[in-house]
Amino acid sequence: MAYTEQELNGNLLFLTQLAKTFPTIEYAMTEIVNLSSILALPKPTEHFMSDLHGQGDAFEHILNNASGVIRNEIERLFSGTLTYGERETLATIVYYPKQKIELELKNVKDTDSWYKATLRNLIVLGRKISSKYTRSKLRKSLDPRFSYIIEELLTARVNFHDLDGYYDEIFDSIIRHDYADRVIVALTDGIKKLAVDRLHIVGDIYDRGTEPHRILDLLIKHPSVDIQWGNHDILWMGAALGEKTCIAGVLTNSFRHGNLDLIENVYGINLRHLLMFAQDTYNSAVVFRPRKTSPEAYYSNPEVNVRAKLHKAIFVIMHKLEAQLIMRNPNYNLGHRLFLDTLDRVNSTITIDGITYPIKDADFPTIDPNDPYALCEEEQTIINELQESFLNSPTLQRHIKLFIDKGQLYRIENNNLMFHALVPLNDDGSFKAVDFGDGIPRSGKDMFDYIDAEVKRLYYAEPSGRKIYELDLMWYLWCGPNSPLFGKNKMTTFERIEIDDSKSHKEKSNAYYKYQDTKELAIRILNEFGITNTDRAVIVNGHTPVEKINGENPIKAGGSLIVIDGGFSKYYQKTTGIAGYTLVYDSRGLYIVAHEPFISFEKAIRENMDIHSTTEVENILATKGQMMVSDIDKGVELKKEIEQLEMLIAAFKSGLIKENHNYRMVKVPVNN
């Protein structure tokens with residue numbers, strides 16, 4: 001491409017900086033060739049998952065089996081050469097190499113032959129999985145201690161007939177020096193990393209299940225991940241920022257679902273004062289026992305008794321704090337959720353939305369009829385202490401930092417729009433404008449951008465600089481009627497615990513769900529977020545479990561919107577009938593994979609019991625032919641870089657910038 005003198009001079013400062021990295025025409029041409037080769041590779045695989053809700057064991061297994069991708073490749077590659085049992089064992093070695101190697105070697109007489117056969121099969125699998133990447137990308141995916149050996153095994157092109165003999169020489173050396181186990185572990189780790197190039201988590205890592213910390217630790221180590229915040233995530237983020245209502249909400253959810261270990265042992269939150277207060281204040285708390293425990297367990301099991309009283313104590317504190325927050329934010333329009341002043345402790349009733357209901361437990365001695373929303377002195381001390389504990393939990397702060405570093409309210413990648421729940425709408429289907437406290441109503445993309453920026457601003461502010469009314473936003477995002485993370489007129493936590501009448505439990509959904517299955521809305525939302533090529537675009541979200549068991553389809557709006565909340569958490573699996581969806585986007589198209597429940601690590605390792613995954617919908621985007629890197633966002637970036645390098649070469653040739661032939665580059669940057 002020819003560049004005018006005016007164009008070169010207009011970019012002189014940038015080109016001068018670029019020349020520090022590529023100081024000669026040869027260096028620039030080498031990088032152009034490298035980038036062009038990447039453009040010609042198949043599109044890498046992306047996986048989308050949502051609503052993990054603390055189900056750490058199943059999540060780790062799905063990561064290991066790449067949503068069934070690895071098993072499918074093994075079937076394609078080895079169905080004619082390995083028995084079914086051998087293929088199952090090979091898959092388990094990829095998923096859990098250390099444990100499976102130890103188990104297999106107990107029953108093997110000739111260990112050298114076993115190692116050689118296993119390495120050979122893994123090389124065949126690794127060559128197939130890595131075929132869509134450059135050698136540089138492959139190298140960076142491998143354990144640096146073994147990268148040379150493994151790269152040689154996966155990319156060797158020996159020009160003589162005895163390739164097997166060449167491999168055997170390498171295998172003998174590996175085995176002789178007692179490196180076989182470590183090479184297999186490194187090789188399988190590389191296979192798993194390359195099977196999925198990008199992982200998208202579309203919200204709600206926290207709550208319900210007991211191991212969100214395990215999920216987050218795995219995501220911190222993941223080489224390429226992004227997170228779109230869910231309302232359960234934002235509640236924990238608010239708690240980590242010191243917002244007291246969010247802290248009370250986090251604890252209420254945790255006690256309700258029996259996740260005391262997460263609070264105390266993982267995050268080191270000190271509950272001693274709250275526990276002493278709960279035991280001294282409340283005679284009975286049977287209604288507040290953890291889910292899936294019986295009334296009999298409350299009386300016979302001291303642990304259930306303690307957790308119930310903890311739950312009751314923080315439940316009262318939470319509802320008082322929520323009321324205070326609602327009263328200082330009249331723009332939230334949540335006055336109808338102020339009902340503690342209607343509590344009748346004598347007759348055990350409460351009035352909500354004009355209806356008086358009998359309640360199961362009216363023993364609330366800290367609720368002052370004259371000032372029902374005020375914390376008593378000890379409650380105030382407790383919530384202050386808890387705030388300090390949340391702010392100073394290193395593990396919690398490390399996990400929340402991931403939500404900031406890798407997270408956002410929404411993301412657009414390869415023409416797909418990801419957000420956790422909804423875009424708030426008016427009843428007529430138009431985008432709803434909401435004032436979140438600064439006096440400026442915002443709707444659509446403008447709303448999302450404002451929230452994203454405000455959450456990150458609050459995170460980076462010093463704790464002393466976070467104003468109470470600004471932090472209130474975090475709670476509203478968790479359960480506010482017009483929050484893009486919630487989408488209902490109220491969260492009936494009180495009603496579900498205290499009131500038998502199920503009519504009081506109903507939560508009216510935002511109009512978004514009325515129009516969710518219409519193509520017109522999907523296209524309007526895509527356009528609102530700047531996506532104009534809607535024929536090749538999909539909205540991906542979660543939040544509302546897809547009731548597959550009742551015939552519900554995760555594909556909405558004629559294929560333009562996909563809901564991937566398939567009940568990953570055991571809590572929702574009776575509702576959905578499956579154990580989660582994964583959306584897989586590879587070079588051939590976009591597919592929905594449904595998963596069956598995970599049994600246990602022991603059965604997975606000993607009995608090769610995998611999560612059975614079924615591709616339910618073939619190629620939603622109906623792509624024609626194989627997609628290449630040149631067809632996706634990465635391709636746009638690489639083409640721009642090639643254009644910049646071509647301009648640099650023109651500047652060298654014109655004499656505008658002098659080549660530095662004396663420059664010795666330690667390492668030529670290689671773009672993956």
- Message: As an exercise, state the distance from CD1 of Ile129 to CG of Leu122, rounded to the nearest 0.5 Å.
- Response: 11.0 Å
- More than 12 heavy atoms from other groups under 6.0 Å of CD on Glu75: yes
- Task: Look at atom CZ of Arg606 and say whether more than 12 heavy atoms of other residues, nucleotides or ligands are closer to it than 6.0 Å.
- Result: no
- Only residue of Trp478, Phe403, Tyr571 satisfying ring pair (Phe, Tyr, Trp, His ring centres under 6.0 Å) with His232 is Trp478
- Item | Full working for ring-ring contact (aromatic ring centres under 6.0 Å, His included) between Phe146 and Tyr179 | CA-CA 10 Å; Phe146 307 103; Tyr179 267 71; 5.8 Å; yes
- Message: Tell me whether the count of non-hydrogen atoms from other residues, nucleotides or ligands lying under 6.0 Å of CG in Asp178 goes above 12.
- Response: no
- Would you confirm whether Glu596, through its side chain, and Ala579, through its main-chain N or O, come within 3.5 Å as a donor-acceptor pair? no
- So is Arg87 actually on top of Phe78's ring, under 6.0 Å and inside 45° of the axis? no
- Side chains of Thr575 and Glu547: donor-acceptor distance under 3.5 Å anywhere? no
- What closest approach, in Å, do Gln228 and Asp226 show between heavy atoms, and which atom pair accounts for it? NE2-OD1, 2.9 Å
- Between Asp405 and Leu402, is there a donor-acceptor pair closer than 3.5 Å when you use the side chain of the first and the backbone of the second? no
- Message: Is the shortest side-chain heavy-atom distance between Leu271 and Ile263 below 4.5 Å?
- Response: yes
- Item | Short N-O contact, Asp197 and Lys132, less than 4.0 angstrom | no
- Query: Could you walk me through whether Arg182 and Asp143 pass the salt bridge (charged side-chain N to carboxylate O under 4.0 Å, His left out) check?
  - Reply: CA-CA 10 Å; Arg182 282 173 282 183; Asp143 185 329; over 6 Å; no
- Item | Geometric class of the Tyr167/Phe171 ring pair [parallel <30°, tilted 30-60°, perpendicular >60°] | parallel
- Query: Do you see a donor-acceptor pair shorter than 3.5 Å between the side chains of Asp217 and His399?
  - Reply: yes
- Message: To the nearest 0.5 Å, what is the distance between NE2 on His420 and CG on Asp204?
- Response: 3.5 Å
- Query: Just wondering, more than 12 heavy atoms not from Glu102 lying within 6.0 Å of its CD?
  - Reply: no
- Message: Apply ring-ring contact (aromatic ring centres under 6.0 Å, His included) to residues His61 and Phe601 and explain how you reach the verdict.
- Response: CA-CA 8 Å; His61 191 83; Phe601 284 115; 7.3 Å; no
- Item | Working for salt bridge (charged side-chain N to carboxylate O under 4.0 Å, His left out), residues Lys116 and Asp112 | CA-CA 6 Å; Lys116 287 182 180 181; Asp112 286 9; over 6 Å; no
- Message: I'd like to check Arg398 versus Ile220 (side-chain heavy atoms, cut-off strictly below 4.5 Å). Are they in contact?
- Response: yes
- Message: Counting C-beta onward and ignoring hydrogens, is there a side-chain heavy-atom pair between Thr210 and Asp261 closer than 4.5 Å?
- Response: no
- So CE of Met418 and CD1 of Ile201: to nearest 0.5 Å the spacing works out to 11.0 Å
- Short question: side chain of Asp233, backbone of Trp229 - any donor-acceptor pair under 3.5 Å? no
- Does any N or O in the side chain of His53 come within less than 3.5 Å of the main-chain N or O of Tyr206, such that one atom is a donor and the other an acceptor? yes
- Query: Is any NZ, NE, NH1 or NH2 atom of the basic residue among Lys548 and Glu552 found under 4.0 Å from an Asp or Glu carboxylate oxygen of the other?
  - Reply: no
- Query: Are the side chain of Asp110 and the backbone N or O of Ser113 linked by a donor-acceptor pair below 3.5 Å?
  - Reply: yes
- Message: If I compare all heavy atoms of Arg411 with all of Arg198, which pair ends up nearest, and what's the gap?
- Response: NH2-NH2, 3.2 Å
- Please check if the side chain of Thr89 supplies one atom and the backbone of Gly85 the other of a donor-acceptor pair under 3.5 Å. yes
- What residue among Ile32, Asn34, Ile38, Val33 forms side chain to side chain contact (heavy atoms under 4.5 Å, CB included) with Ser36? Ile32
- Message: Between Asp207 and Trp236, is there a side-chain donor-acceptor contact under 3.5 Å, judged purely by atom types and distance?
- Response: yes
- Under the 6.0 Å and 45° cation-pi test, does Lys43 pair with Tyr585? yes
- Can Asp172 and Arg176 be counted as an ion pair, charged N to O under 4.0 angstrom? no
- Note, Phe390 side chain near Val250 side chain (heavy atom, < 4.5 Å): yes
- Query: Is the backbone N or O of Asp51 less than 3.5 Å from a side-chain atom of Asp565, with the two atoms forming a donor-acceptor pair by type?
  - Reply: no
- Item | Side-chain donor-acceptor pair present, Glu46, His200, cut-off under 3.5 Å | yes
- Task: Using atom types as modelled and distance alone, determine if a side-chain donor or acceptor of Ser173 lies under 3.5 Å from a backbone N or O of Glu169.
- Result: no
- Message: Keeping Gln397 on the side-chain end and Ala240 on the backbone end, is there a donor-acceptor pair under 3.5 Å?
- Response: yes
- Check Pro554 against Ile592 and note the closest heavy-atom contact, atom names and distance. CG-CD1, 3.8 Å
- Message: Quick check for you: to the nearest 0.5 Å, what is the distance between Arg307 atom CZ and Arg256 atom CZ?
- Response: 14.0 Å
- Identify the heavy atoms of Ala180 and Ile175 that sit nearest to each other, and give their distance. CB-CG1, 4.2 Å
- Between Arg208 and Ser569: side-chain donor-acceptor atoms closer than 3.5 Å: no
- Item | Full working for salt bridge (charged side-chain N to carboxylate O under 4.0 Å, His left out) between Asp517 and Lys556 | CA-CA 5 Å; Asp517 204 16; Lys556 314 287 184 183; 5.8 Å; no
- Can you check whether Phe568 and His595 have ring centres sitting under 6.0 Å from each other? no
- Query: When you look at Asp168 and Arg120, which way does the salt bridge (charged side-chain N to carboxylate O under 4.0 Å, His left out) test go after all the steps?
  - Reply: CA-CA 9 Å; Asp168 281 338; Arg120 196 177 300 279; 2.9 Å; yes
- Note on the structure: All heavy atoms of Ile531 vs all of Asn416, minimum pair found to be CD1-C, 4.5 Å
- Query: Hey, mind stepping through Tyr267 and His213 against ring-ring contact (aromatic ring centres under 6.0 Å, His included) and telling me if it holds?
  - Reply: CA-CA 9 Å; Tyr267 288 142; His213 58 290; 7.1 Å; no
- Close side-chain approach of Phe59 to Asp57, heavy-atom, < 4.5 Å: no
- Query: Nearest heavy-atom pair of Pro44 and Ile632: which atoms, and what distance?
  - Reply: CD-CD1, 4.1 Å
- Taking the side chain from Thr118 and the backbone from Tyr115, do they hold a donor-acceptor pair closer than 3.5 Å? no
- Message: Once rounded to the nearest 0.5 Å, what's the spacing between atom CG of Leu251 and atom NE2 of His311?
- Response: 10.0 Å
- Message: With rounding to the nearest 0.5 angstrom, report the OG to CD1 distance, Ser141 to Ile191.
- Response: 11.5 Å
- Task: Please check if any side-chain donor atom of His47 sits under 3.5 Å from a side-chain acceptor atom of Ser67, or the reverse.
- Result: yes
- Note on the structure: Only residue of Asn608, Asn65, Asp610 satisfying side chain to side chain donor-acceptor pair (under 3.5 Å) with Tyr95 is Asp610
